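Below: the structure, in structure tokens.
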Number of protein chains: 2
Amino acid sequence: MTDYELLPILGQQPRERSDAARNRDAVLCAAQQLIDRCGVDAVTMDAVADAAGVGKGTVFRRFGNRAGLMARLLDESEAAFQASVISGPPPLGPGAPPRERLLAFGRARLVSNLTNADLLLAASGADTGRSYAAYSFTATHVRYLLGQLDVGGDVPLLATALLAPLEVPILRQQLTIEKMSVERISDGWEDLANRVVGPPAPGR
Amino acid sequence: MTDYELLPILGQQPRERSDAARNRDAVLCAAQQLIDRCGVDAVTMDAVADAAGVGKGTVFRRFGNRAGLMARLLDESEAAFQASVISGPPPLGPGAPPRERLLAFGRARLVSNLTNADLLLAASGADTGRSYAAYSFTATHVRYLLGQLDVGGDVPLLATALLAPLEVPILRQQLTIEKMSVERISDGWEDLANRVVGPPAPGR
DNA sequence: AATAGAAGCGGACCGCGGTCCGGTTATGTC
DNA sequence: GACATAACCGGACCGCGGTCCGCTTCTATT
């Protein structure tokens with residue numbers, strides 16, 4: 001027996017058992033209710049297990065750790081965000097010129113990150129990679145737009161340079177400690193993006 | 001360049017008791033030894049208290065929490081960094097044109113952040129504000145250089161935009177997950193800085 | 001329906017960060 | 001040098017995230 005039979009077969013996982021599915025939904029639902037009523041900090045693994053009528057081990061089995069659970073809770077809003085980028089109305093969705101799409105994307109990401117700030121912080125470092133998957137979409141989209149804009153330079157690095165100031169800890173510091181307004185930060189990001197992208201191509 | 005927030009502003013607090021001073025040094029020394037021998041993760045509050053021959057409560061009293069202790073351990077290298085920026089040789093220190101100083105600063109900060117990556121992560125969120133004080137110096141310096149470069153726009157925001165991609169979690173992701181080299185990241189940051197600052201003023 | 005076996009379950013258990021308070025010790029004053 | 005007081009000390013205690021392993025329950029097979 002060689003080892004590669006143990007490798008995960010990506011397409012065809014053995015079907016989820018019915019009790020497992022039920023418990024998974026119960027946990028997610030209980031966690032969401034806890035957040036709505038008492039905030040993210042109240043989402044203790046014990047509390048959510050208890051509220052879901054489930055053992056603690058079950059929660060960890062399904063979600064790996066607290067960050068993983070949080071990442072799953074983010075999935076819904078993240079999917080909506082991705083949908084409006086991929087197939088929503090311009091300028092966020094397709095149809096607008098790349099520069100406008102980029103600016104709209106930055107503003108949208110800023111608002112989205114602020115809306116889910118607590119959850120995002122709690123989800124950072126999820127081993128499951130969920131959190132990274134969400135980031136990966138964002139980065140890929142920005143790279144795509146930068147490519148369309150013929151911006152030159154190291155596109156992946158420029159993409160992270162544009163995204164880094166939108167990370168929650170940095171936004172938090174600007175809002176809380178340095179007392180900046182969201183509008184100011186948003187306008188500042190637009191300025192940054194324009195500097196990075198450079199002046200509009202004249203002939204086009 | 002007035003506003004610099006230098007590291008230990010040893011004001012005139014009611015004098016520290018001798019036993020307290022001894023214990024403080026013992027704790028810092030023990031923590032440093034633990035890091036050198038077993039890495040940052042081994043610096044448990046119990047372990048460091050034990051190694052220092054001190055009660056756990058004492059450690060918390062002096063440093064607030066684990067992040068505060070880590071921040072103090074960073075003080076030495078941070079002070080050295082600040083010294084070479086303020087009074088070291090150019091281009092990092094004074095004497096070089098602002099643009100060169102900015103580029104040198106970015107590279108130096110990048111290296112410094114990577115060198116102390118574990119410690120910086122463990123120190124993030126220190127309630128004592130130590131960690132923020134260190135950041136504040138960095139931000140102030142970049143703002144100062146941007147001001148000298150007559151860069152226009154919202155200088156504080158541009159400064160954080162330049163510093164955000166140098167934060168440890170982002171560097172970690174680029175190095176570990178996306179397999180970028182330090183040189184590539186460093187060159188990319190230089191490109192970013194040049195785009196933000198804009199072309200050199202011709203007459204000057 | 002009976003069975004085999006795996007996937008799932010759950011709660012006891014651990015280590016860590018952080019708190020608290022009764023006892024101890026250093027320091028200024030007489 | 002003795003005293004008063006405030007600062008300091010230390011370890012017992014708590015809650016939380018995370019692990020582990022014996023037991024239960026579902027599902028596929030006959």
Side-chain angles (χ1 to χ4, degrees), chain A residues 5-6 8-9 12-28 30-31 34-35 38-73 118-119 121-128 131, chain B residues 12-28 30-31 34-35 38-73 118-119 121-128 131:
Chain A
E5 293 183 16
L6 298 177
I9 300 166
Q12 187 87 351
Q13 307 215 342
R15 230 185 73 225
E16 186 183 29
R17 254 168 61 169
S18 62
D19 53 344
R22 198 173 352 113
N23 282 337
R24 194 199 55 213
D25 289 347
V27 167
L28 284 175
L34 270 175
I35 287 181
C38 313
V40 172
D41 287 346
V43 183
T44 293
M45 297 304 263
D46 287 280
V48 71
D50 206 41
V54 146
K56 198 177 177 179
T58 302
V59 183
F60 278 94
R61 169 176 318 278
R62 303 296 302 187
F63 302 100
N65 53 25
R66 200 179 109 105
L69 172 60
M70 299 304 186
R72 285 302 185 91
L73 289 175
D118 287 340
L119 216 43
L121 274 190
S124 72
D127 299 332
T128 68
S131 198
Chain B
Q12 192 79 349
Q13 317 279 348
R15 229 183 77 224
E16 185 183 30
R17 251 168 66 169
S18 61
D19 54 346
R22 203 175 347 117
N23 283 337
R24 195 201 55 212
D25 289 348
V27 166
L28 284 175
L34 270 174
I35 288 182
C38 312
V40 172
D41 287 346
V43 183
T44 294
M45 297 305 263
D46 287 280
V48 72
D50 206 40
V54 145
K56 199 178 177 179
T58 302
V59 183
F60 278 94
R61 167 177 323 275
R62 302 297 301 185
F63 302 100
N65 52 25
R66 201 178 107 105
L69 172 60
M70 300 303 188
R72 283 302 186 89
L73 289 175
D118 287 341
L119 217 42
L121 274 190
S124 72
D127 299 333
T128 68
S131 199

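Since we're looking at a predicted model, the values are computed, not measured.
- Note that OG1 of A:Thr44 is 7.0 Å distant from CZ of A:Arg66, once rounded to the nearest 0.5 Å.
- Out of D:dC9, C:dG10, C:dT19, the shortest distance to the side chain of A:Val54 is found at C:dG10.
- Of the candidates C:dT19, D:dG17, D:dC8, D:dG17 carries the atom nearest the A:Met45 side chain, counting heavy atoms from C-beta on.
- In this entry the distance linking CG of A:Asn65 with P of D:dT19 reads 8 Å, nearest Å.
- One interatomic measurement links the two molecules: CZ of A:Arg62 to P of C:dC9, which rounds to 7 Å at whole-angstrom precision.
- For A:Lys56, taking side-chain heavy atoms from C-beta onward, the closest of the listed nucleotides C:dG17, D:dG10, D:dG18 is D:dG18.
- Nearest to the side-chain atoms of B:Arg61 among the listed nucleotides D:dG10, C:dC9, C:dA12 stands D:dG10.
- To the nearest 0.5 Å, the span separating CG on A:Leu34 from CG on A:Asp41 amounts to 11.5 Å.
- With rounding to the nearest 0.5 angstrom, the CE atom of A:Met45 is 7.0 Å from the CG atom of A:Asn65.
- Remark on DNA chain D: of its neighbouring residues B:Asn23 and A:Asp41, the 5'-side contact belongs to B:Asn23, judged by nearest-heavy-atom nucleotide.
- Rounded to whole Å, atom C1' of C:dC9 lies 15 Å from atom CG of A:Asp50.
- Following rounding to the nearest Å, A:Asp46 (CG) and C:dC13 (P) show an atom-to-atom distance of 15 Å.
- A:Phe60 places its CZ atom 13 Å from the C1' atom of C:dC13, with the value rounded to the nearest Å.
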Original post:
Does the pair B:Val59 and B:Asn23 meet the rule for a side-chain contact (heavy atoms from CB on, under 4.5 Å), with working shown?
Top reply: CA-CA 9 Å; B:Val59 183; B:Asn23 283 337; over 6 Å; no
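- Residues A:Arg22 and B:Gly53 both approach DNA chain D. Their nearest nucleotides, taken by heavy-atom distance, put B:Gly53 toward the 5′ side.
- B:Thr58 comes within contact range of at least one nucleobase, with a heavy-atom separation under 4.0 Å.
- When the P atom of D:dA7 is taken as reference, atom CZ of B:Arg24 falls 17 Å away, rounded to whole Å.
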